[in-house]
Amino acid sequence: MIRVESLHRHFGGFRAVDGASLTIKTGSITGLVGPNGAGKTTLFNVIAGALPPTSGRVLMEGEDITGLAPHQLFHKGLLRTFQIAHEFSSMSCRENLMMVPGGQTGEGLWASWFQRGRIAQEEAALLKKADEVLDFLTISHLKDEKAGNLSGGQKKLLELGRTMMVEARIVFLDEVGAGVNRTLLNTIGDAILRLNRERGYTFCMIEHDMEFIGRLCDPVIVMAEGRVLAEGSVEEIKANEAVIEAYLGTGLKNKDMVG
Amino acid sequence: MTENATMPAATPSAPAPFLIGEAMTGGYGRGADILQGCTIAVERGEIAVIVGPNGAGKSTAMKALFGMLTLRTGRVVLDGEDITTLSPQARVAKGMGFVPQTRNIFPSMTVEENLEMGAFLRRDDLRATMEQIYGLFPILRDKRRQAAGELSGGQRQQVAVGRALMTKPSVLMLDEPTAGVSPIVMDELFDRIIEVSRTGIPILMVEQNARQALEIADKGYVLVQGGNAFTGTGQDLLADPQVRRSFLGG
Amino acid sequence: DDAKIGVIMGYTGPIESLTPAMSDAAELAMIEVNDSGKFLEGVTLVSVRADSTCVDSAAATAAAERLVTTDGIVAIMGADCSGVTGAVLSNVAVPNGVPMVSPSATSPALSEVEDNGLFFRTAPSDARQGEVLAGILQERGISSVAVTYTNNDYGKGFADAFEAAFTGTGGQITLTSPHEDNKADYSAEVGALASAGGDALVVLGYADSGGKGMIQAALDSGAFDTFALGDGMYSETLLADLGGDLEGSFGSVPWAEGEGADAFAKAAEAAGIVAESTYTRESYDAAALIALAMMKGGEPSSAAVAANLLDVANAPGEPILPGELGKALEILASGGDVDYVGATNVELIGAGEAAGSYRYYEIKDATFETVSFK
Amino acid sequence: MRTLALFALVAALILGTGLLQSWNSALLILNMGLVSAVMALGVNLQWGLAGLFNVGVMGFVALGGLAVVLTSTAPVPEAWAAGGPRLLAALGCGVAVIAGAVLVWRRLPKRLRGWGVAALLVAGFFVYRALFDPAATAVEAVNPAATGYLGGLGLPVLLAWPVGGLLAAAVAWAIGKTALGLRSDYLAIATLGIAEIIIAVLKNEDWLARGVKNVTGLPRPVPYEIDLQQDPGFVARAADLGIDPTTASTLTVKLGYGLLFAAVLVLLLVLAQLALNSPWGRMMRAIRDNETAARAMGKDVTARHLQIFILGSALCGIAGAMMTTLDGQLTPGTYQPLRYTFLIWVMVIVGGSGNNFGAVLGGFLIWFLWVQVEPIGQALMAVLTAGMADGSWLKAHLLDSVQHMRLLTMGVILLLVLRFAPRGLLPER
Amino acid sequence: MDVLNALVALANFVLIPAVAYGSQLALGALGVTLVYGILRFSNFAHGDTMAWGTMCTILATWGLQAAGITLGPLPTALLALPAGILGAALLVLATDRMVYRFYRAQKAKPVILVIVSMGVMFIYNGLTRFVIGPDDQNFADGERFVINARDFREMTGLAEGLALRSTQVLTVVTAVLVVALLFWFLTHTRTGKSMRAYADNEDLALLSGINPERVVLVTWIIVAALATVAGVLYGLDKSFKPFTYFQLLLPVFAAAIVGGLGSPLGAIAGGFVIAFSEVGLTYAWKKVATYLLPESLAPEGLLQLMGTDYKFAVSFVILVIVLLFRPTGLFRGKSV
Ligand SMILES: Nc1ncnc2c1ncn2[C@@H]1O[C@H](COP(=O)(O)OP(=O)(O)OP(=O)(O)O)[C@@H](O)[C@H]1O
Ligand SMILES: Nc1ncnc2c1ncn2[C@@H]1O[C@H](COP(=O)(O)OP(=O)(O)OP(=O)(O)O)[C@@H](O)[C@H]1O
Ligand SMILES: [Mg+2]
Ligand SMILES: [Mg+2]
């Protein structure tokens with residue numbers, strides 16, 4: 001689905017992404033892990049068109065999509081969420097979701113004046129869909145609350161919810177799990193699996209919770225210092241010495257000193 | 001509110017806890033009450049962990065303890081002194097340190113300046129503490145001249161915790177300190193938190209990585225819809241099947 | 001009974017430092033009329049001030065509208081800047097049949113405006129002064145000059161007229177460069193003018209604004225030593241601030257030969273008004289003319305002013321100087337004729353604008369010394 | 001509810017003016033209030049809806065004014081003969097050079113394009129000046145005191161309003177294409193600068209609209225008062241109503257303008273409301289809230305910004321044309337940022353940004369105050385000094401300063417209103 | 001060929017005036033940039049704050065002059081500066097208490113504060129005129145020139161003169177010093193850093209024990225001092241007139257913005273960009289070219305790129321171009 005070829009992204013002299021090459025297979029749920037500052041988010045930003053690469057290419061099903069604008073990629077079915085929630089803070093949760101689908105009739109100025117009937121129909125459908133998503137995310141009681149007033153975790157849920165409003169082909173999830181309650185995260189995991197199996201979405205997700213990764217992802221790609229360090233199944237990764245040293249660590253040292 | 005499995009921690013006979021927010025009720029501005037009579041307390045040398053679903057009011061409870069929203073009822077007591085009406089700054093002066101969940105760094109200042117700001121009220125030499133923090137989060141040493149806003153998500157989180165540690169607080173409150181940090185750093189962080197608490201400083205934290213957090217916790221609170229749903233030792237809560245199922249992800 | 005006269009001046013805005021003296025001068029004339037006790041049976045002139053802002057036509061129009069329809073003024077002494085004057089004239093004065101006498105709107109374009117016989121001005125159109133100033137330069141044997149003018153209808157019209165007259169007689173203009181008033185810095189203009197060169201710099205601007213800034217910048221950088229000044233530059237403060245350096249500069253200013261101006265200066269001084277400021281004389285005359293026209297018409301009405309203004313301003317009749325308004329009223333009361341001379345040697349030509357006589361002065365020992373009258 | 005109450009308040013203020021001062025004043029305030037409301041609506045579209053900090057309102061208003069001259073004045077055949085075609089050729093050449101430069105920038109490889117564009121622009125500039133300067137001089141030499149410009153098309157003046165909108169829209173397009181990448185205050189200063197440039201062109205290009213010499217006596221869409229006063233039928237009707245003919249005529253004319261303006265405002269307001277309450281408005285608000293996220297959600301932020309920038313500017317252009325028609329003259333020297341940009345912003349913010357009705361309300365209210373603070377300030381001073389001894393220094397000084405109370409009063413009222421309604425009188429939702 | 005004369009002419013008409021004007025703008029821009037950087041709004045009342053501070057200084061200067069105290073070759077106004085700064089500080093602090101504080105507590109959007117500052121501007125406007133009137137005031141005394149054109153010509157025997165005013169030197173020196181000082185203050189002192197921290201994240205500043213009211217107080221005092229110094233130096237060099245100070249606002253904002261809002265270095269850079277583009281791009285190169293080229297090639301025309309009528313326009317074109325390449329100014333300023 002996506003192929004990244006020796007991608008570079010530098011900030012001044014700093015090489016945040018330093019020649020990463022990787023492939024995301026169609027229909028897979030690929031995990032992307034790595035220490036803080038490995039360049040994962042930067043890689044996402046480049047793929048999703050939010051940052052131009054310093055060099056290298058990104059291909060989507062063979063088509064060169066390097067440097068396309070985010071909105072163009074959206075219409076190609078490439079969606080992403082943000083690590084730091086980017087909600088539309090002065091709009092209600094419902095509106096946050098309803099604005100997502102592209103190609104709404106009512107987004108044309110002319111139509112907004114002269115095709116009120118058609119817009120009303122579309123809106124009704126959107127509203128239903130948005131309420132379903134909110135229900136699923138367990139925040140339906142907040143549908144009219146301004147998104148800016150949500151709790152940290154709720155914002156991340158909303159972020160995820162936006163990707164559920166449209167038919168996507170590939171979704172990039174940047175730490176959806178961070179700050180989300182584990183019980184709810186399991187439900188979200190189920191949903192991701194369902195979307196993947198039933199609707200054929202491809203996922204690529206950055207996550208630090210190895211349990212969650214282990215439940216969903218195959219393969220897992222490990223990044224470090226802007227490059228791909230290892231790739232393989234979760235088990236392989238967990239056993240990889242280099243990965244343990246750079247990323248996983250060996251657990252708490254002082255644990256026995258408390259309690 | 002769900003059933004109250006255990007009594008709130010503060011029992012009249014025991015010595016009063018170092019920091020306690022008692023029966024706090026209140027919300028943001030003129031909105032509805034978010035907190036509904038919730039009680040949170042932490043003793044000297046203890047780690048208390050708050051868990052609960054998203055939007056339960058965990059962050060709100062922390063802010064309430066810190067005086068960042070006005071309580072309609074209830075009170076906050078620090079070391080025997082009622083501080084319910086003190087301003088947040090005054091509470092900082094009294095030695096409370098806090099890492100908020102969001103917006104917890106100074107984005108346009110360098111990492112080092114962020115740490116310095118943490119020690120704003122300190123007049124002694126900061127270098128030793130700063131070294132300790134660089135030792136804890138080595139990446140920050142490399143990035144110390146970089147603007148904190150340019151860091152990765154996990155790096156920012158490390159800056160935020162580092163800033164609070166710089167205060168040399170007498171009580172430390174952390175709102176999801178491990179959100180977005182890699183496992184190895186998370187372990188380091190928990191290690192450090194244990195170390196800090198062993199020096200006698202009470203630590204109160206909100207965590208979604210609840211399993212790991214409760215393992216090192218002396219006391220755990222489960223908050224649901226602004227009220228205490230369960231309270232117990234960390235191990236108690238981990239062992240409670242209902243708590244596991246509904247809040248810890250099975 | 002009161003007869004109200006609107007005094008519409010830009011009390012705020014770019015010429016706010018000129019307007020208080022102008023209004024005071026106008027009111028001086030009204031006071032003189034009232035104090036004489038000889039004005040129309042028991043009628044007192046009352047001045048009603050309003051802000052023209054000089055630049056905001058809409059606000060000026062609104063203010064004028066209020067004066068006319070609410071306060072019931074019978075004539076307008078004003079407005080000051082040509083732009084707002086045109087707006088007030090066509091939007092308020094003409095529709096309501098209220099006459100206007102402007103002391104300072106000198107744009108040549110106002111000569112041709114549709115005014116229904118209601119617009120007069122005591123300041124001459126700049127077309128005339130351009131010729132006068134060009135003549136002075138020729139007289140002094142200066143044949144190459146650089147010109148700077150304030151970028152509004154006054155400055156532009158003046159500069160056009162001057163340029164035509166000066167080049168017509170064989171003079172050479174090295175560069176004509178406008179300047180905006182009240183700007184922070186004039187080095188750019190002075191740099192360009194200095195590079196273009198010329199024996200003198202002709203400054204057609206305002207003494208307490210851009211014109212002074214230009215002169216100061218030119219003096220400071222040593223670009224020019226001699227300046228030829230238009231009427232807007234005639235001001236005591238210019239001498240006070242830059243006097244010593246202006247030695248040998250010269251200029252023209254609308255003026256009457258001796259008498260009238262002196263009389264005004266004396267009257268003004270007695271009343272504690274700055275007489276030497278720009279357009280104070282014109283303002284006094286404008287107000288005086290309005291009063292005399294009412295007297296002549298026998299009633300404090302707009303129609304009386306419009307119908308009789310030219311009559312009292314021009315010959316035949318007894319010449320009237322400032323301070324002699326009482327005498328004029330007496331003459332008019334007895335059915336006689338007056339020829340108002342006033343502070344500026346008023347002579348209204350055409351559709352009611354000043355013919356303009358000018359004083360050619362030179363600056364010596366930090367004072368304006370008259371060379372001749374033109 | 002609040003909306004109704006506040007509009008009723010404005011109505012009461014204007015009616016009060018009619019009763020206490022005069023109906024002419026009241027109508028005049030109403031008319032300029034209508035024009036201001038259209039401008040405020042335009043700014044509100046840009047700021048309230050899309051978060052674009054456009055501080056170049058003055059420029060677009062002035063362009064509307066220019067449109068009136070270009071559309072409705074009679075052409076000057078002598079000037080056309082003197083240099084019209086050559087002038088048009090020069091302008092065409094200028095546009096071609098710029099278009100060429102854009103093309104070069106797009107086509108040439110990165111290393112070369114800077115130099116390529118610079119070379120083309122410099123060369124083009126000289127060609128342009130060579131063509132343009134003599135033509136402009138020739139045109140301007142044609143009877144400068146009365147004409148000295150090319151004149152307009154001699155079309156009905158009402159046509160100038162849409163033309164003003166189009167002209168402003170065209171310029172907004174060009175500005176938007178270049179400057180809309182800027183954010184907040186950086187966009188503000190860029191637009192402010194561009195507005196200054198537009199005014200500089202209007203002031204200095206005499207061949208276009210006489211520059212600072214002003215164009216006066218513009219045609220009107222309503223009859224002249226004088227004509228009405230001389231029309232016996234009208235005088236008779238006025239007498240029937242018991243009004244004297246002068247007053248009747250001035251009122252009729254103002255009422256005529258008022259109806260025209262009101263029609264425009266109502267039409268624009270309805271369109272703006274429809275758009276605001278549709279998915280289009282929602283999309284715009286989303287873009288305002290968080291551009292990055294809106295982009296990631298498939299919205300073409302750049303295109304939408306351009307669209308709304310053009311729309312808002314067009315409204316300002318229309319309003320500018322209306323205003324110039326009302327004034328009957330174009331006076332470029334009077335365009336000052338304080339009056340034509342910042343006062344409009346005050347209207348939007350005081351009214352309540354993001355709310356179309358708020359903007360309209362602000363337009364009326366602030367204009368009313370702008371006009372009425374003068375008498376209010378004077379009254380204030382009269383009250384203040386009433387108790388003082390005649391001839392005291394302080395009293396004299398205070399009375400001397402009465403004119404400065406105008407702006408001071410404006411400031412005080414502004415602060416008071418914002419104190420009690422910090423988000424505007426009619427906040428967004 | 002006469003390189004020396006060409007150089008002198010260029011220096012006299014372009015370099016020196018542009019540097020001096022640039023520094024004047026920079027001093028004004030510093031105040032604007034500081035308010036923007038720390039209190040996060042564009043302060044429209046800054047021009048009138050400058051006017052007020054200058055007015056206070058003038059009144060004090062008159063007092064000193066009346067008492068017979070002068071500074072010899074330096075302008076007496078320098079001695080009166082503290083009084084002016086005090087006056088300005090009192091005014092802005094009173095304003096902050098009565099006006100801005102309310103909106104801070106409300107966490108009002110920056111644009112509201114912009115409009116509020118316009119209201120304040122109107123009030124300052126009226127106050128200044130109320131006290132000293134709308135007229136031009138000349139309060140410079142002491143030596144006007146370090147060297148004037150005539151003396152220079154006599155001294156060097158060159159055809160071109162070079163004038164250097166003491167106020168110009170004073171302005172440039174002050175501007176450089178003040179920028180360096182402010183930069184140092186903001187990046188190296190505790191108070192300075194706390195001000196930046198407050199600007200960055202108000203809530204977190206609170207959590208770090210920073211007293212916001214103190215930050216605001218210090219900011220306003222510095223702003224008042226900057227405004228007064230800028231206003232007085234400008235007034236000494238040109239003259240004092242309230243309306244002109246209001247008009248200064250536009251180039252001052254342009255300078256602050258093109259330099260990058262919130263950055264003291266940017267203020268200086270921005271001031272120079274604006275000043276040099278105003279003075280340099282409309283300069284007529286005829287004189288310089290005449291000196292440089294052989295006689296046979298002496299230029300006919302003025303060699304002027306643009307009429308000075310467009311000087312402001314040109315400087316804005318430059319500004320827009322700079323911003324197109326650096327969307328937040330030369331020194332990467334903030335944007336709220
Ligand atoms: N705008 C920027 N300017 C300078 N450096 C940057 C910028 N953005 C990111 N970086 C640096 O690039 C590196 C990679 O950042 P990135 O956000 O991609 O990390 P990450 O892998 O997503 O980490 P995390 O797990 O903590 O989210 C970091 O070291 C960061 O400091
Ligand atoms: N500033 C605010 N204004 C109004 N309501 C708010 C505000 N912040 C949070 N809330 C509401 O208060 C409730 C509790 O929020 P809080 O942030 O305390 O949750 P939390 O338990 O910390 O959740 P999370 O685990 O997601 O961080 C939520 O329903 C949220 O919508
Ligand atoms: Mg990341
Ligand atoms: Mg929380």
Side-chain angles (χ1 to χ4, degrees), chain D residues 47 51 53 55 125 129 175 178-179 181-201 203-205 211 337-338 342-343 345-346 348-350 353 373 377 397-398 400-401 403-419 422-424, chain E residues 36 41-42 44-45 98-99 102-103 106 108-112 114-116 118-131 133-134 246 249-250 253-254 256-258 260-261 305-307 309-321 323-324 326-329 333-336:
Chain D
W47 170 256
F53 204 169
V55 197
F125 180 74
R129 286 284 296 264
I175 297 173
T178 42
L182 300 175
R183 282 291 76 93
S184 65
D185 300 61
Y186 299 89
L187 177 64
I189 200 77
T191 47
L192 184 70
I194 290 165
E196 289 285 342
I197 293 173
I198 293 173
I199 301 300
V201 169
K203 275 172 128 174
N204 295 306
E205 301 304 321
L338 182 65
F342 298 121
L343 197 65
W345 269 89
V346 171
V348 173
I349 300 299
V350 166
S353 74
V373 281
H397 187 70
L398 283 173
D400 269 351
S401 316
Q403 293 299 343
H404 308 312
M405 290 303 121
R406 190 169 89 93
L407 291 183
L408 202 141
T409 313
M410 185 72 206
V412 171
I413 293 180
L414 184 59
L415 290 187
L416 283 179
V417 171
L418 280 178
R419 178 78 181 218
R423 294 175 58 225
Chain E
Y36 189 93
F41 68 96
S42 300
F44 271 74
M98 294 194 300
V99 183
F102 170 77
Y103 300 96
Q106 296 254 320
K109 292 213 189 86
V111 66
I112 306 275
V114 171
I115 301 298
V116 166
M118 272 184 217
V120 172
M121 170 185 88
F122 284 134
I123 293 177
Y124 284 8
N125 219 298
L127 283 180
T128 311
R129 283 164 177 71
F130 176 74
V131 177
F246 164 67
L249 203 59
L250 208 60
F253 261 101
I257 286 177
V258 77
L261 278 167
L305 212 53
M306 277 262 161
D309 359 356
Y310 285 110
K311 71 168 185 179
F312 215 47
V314 172
S315 69
F316 268 113
V317 171
I318 301 277
L319 179 144
V320 171
I321 292 175
L323 287 184
L324 288 184
R326 286 224 169 206
T328 54
K334 306 185 176 195
S335 79
V336 284

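In what follows, chains are A, B, ... by sequence order, proteins preceding strands, each numbered from 1.
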Between [X] and chain D, with a heavy-atom cut-off of 4.5 Å, which part of the residue counts as in contact: side chain, backbone, both or neither?
X	result
E:Met121	side chain
E:Ile115	both
E:Val116	both
E:Ala108	neither
E:Phe312	side chain
E:Leu249	neither
E:Val314	neither
E:Asn125	side chain
E:Thr328	both
E:Tyr124	neither

Flag the one option from [options] with the top tally of heavy-atom pairs under 4.5 Å to chain E.
options	result
D:Ala200, D:Pro422, D:Gly424	D:Pro422
D:Leu338, D:Ile198, D:Ile194, D:Val350	D:Leu338
D:Leu414, D:Ile199, D:Asn204	D:Asn204
D:Glu196, D:Arg183, D:Arg419, D:Met410	D:Arg419

Requested in this report: Using a cut-off of under 4.5 Å on heavy-atom pairs, state which of E:Val258, E:Leu323, E:Val120 scores highest against chain D.
Outcome: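 Of E:Val258, E:Leu323, E:Val120, E:Leu323 has the most heavy-atom pairs under 4.5 Å with chain D.
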**Report entry** Among the listed options E:Leu319, E:Val111, E:Val99, E:Ile112, the residue most often paired with chain D at heavy-atom distances under 4.5 Å
**Finding:**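 Ranked by heavy-atom pairs under 4.5 Å with chain D, first place is E:Val111.
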Query raised in the report: Is the backbone of E:Leu261 close enough, under 3.5 Å, to the side chain of D:Tyr186 for a donor and an acceptor to pair up by distance?
Result: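 Pair found, side chain donor or acceptor close to backbone of E:Leu261.
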Query raised in the report: Got a donor-acceptor contact below 3.5 angstrom from the E:Tyr103 side chain to the D:Leu418 backbone?
Result: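 Yes: the side chain of E:Tyr103 pairs with the backbone of D:Leu418.
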Could you pull out the closest heavy-atom pair between [X] and [Y], with the gap in Å?
X	Y	result
E:Phe316	D:Ile189	CE2-O, 3.9 Å
E:Gly119	D:Leu415	CA-CD2, 4.3 Å
D:Asp185	E:Ser42	OD2-OG, 2.5 Å

**Report entry** Which atoms of D:Val201 approach chain E - backbone, side chain, both or neither, heavy atom under 4.5 Å
**Finding:**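 For D:Val201, the contact with chain E is made by backbone and side chain together.
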Query raised in the report: Just how far is it from atom CG of D:Leu407 to atom CG of E:Leu127, taken to the nearest 0.5 Å?
Result: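 Answer rounded to 0.5 Å: 11.5 Å.
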Query raised in the report: Hey, does D:Ile197 have a side-chain heavy atom less than 4.5 Å from the side chain of E:Tyr310?
Result: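 With C-beta onward as the side chain, the pair stays apart.
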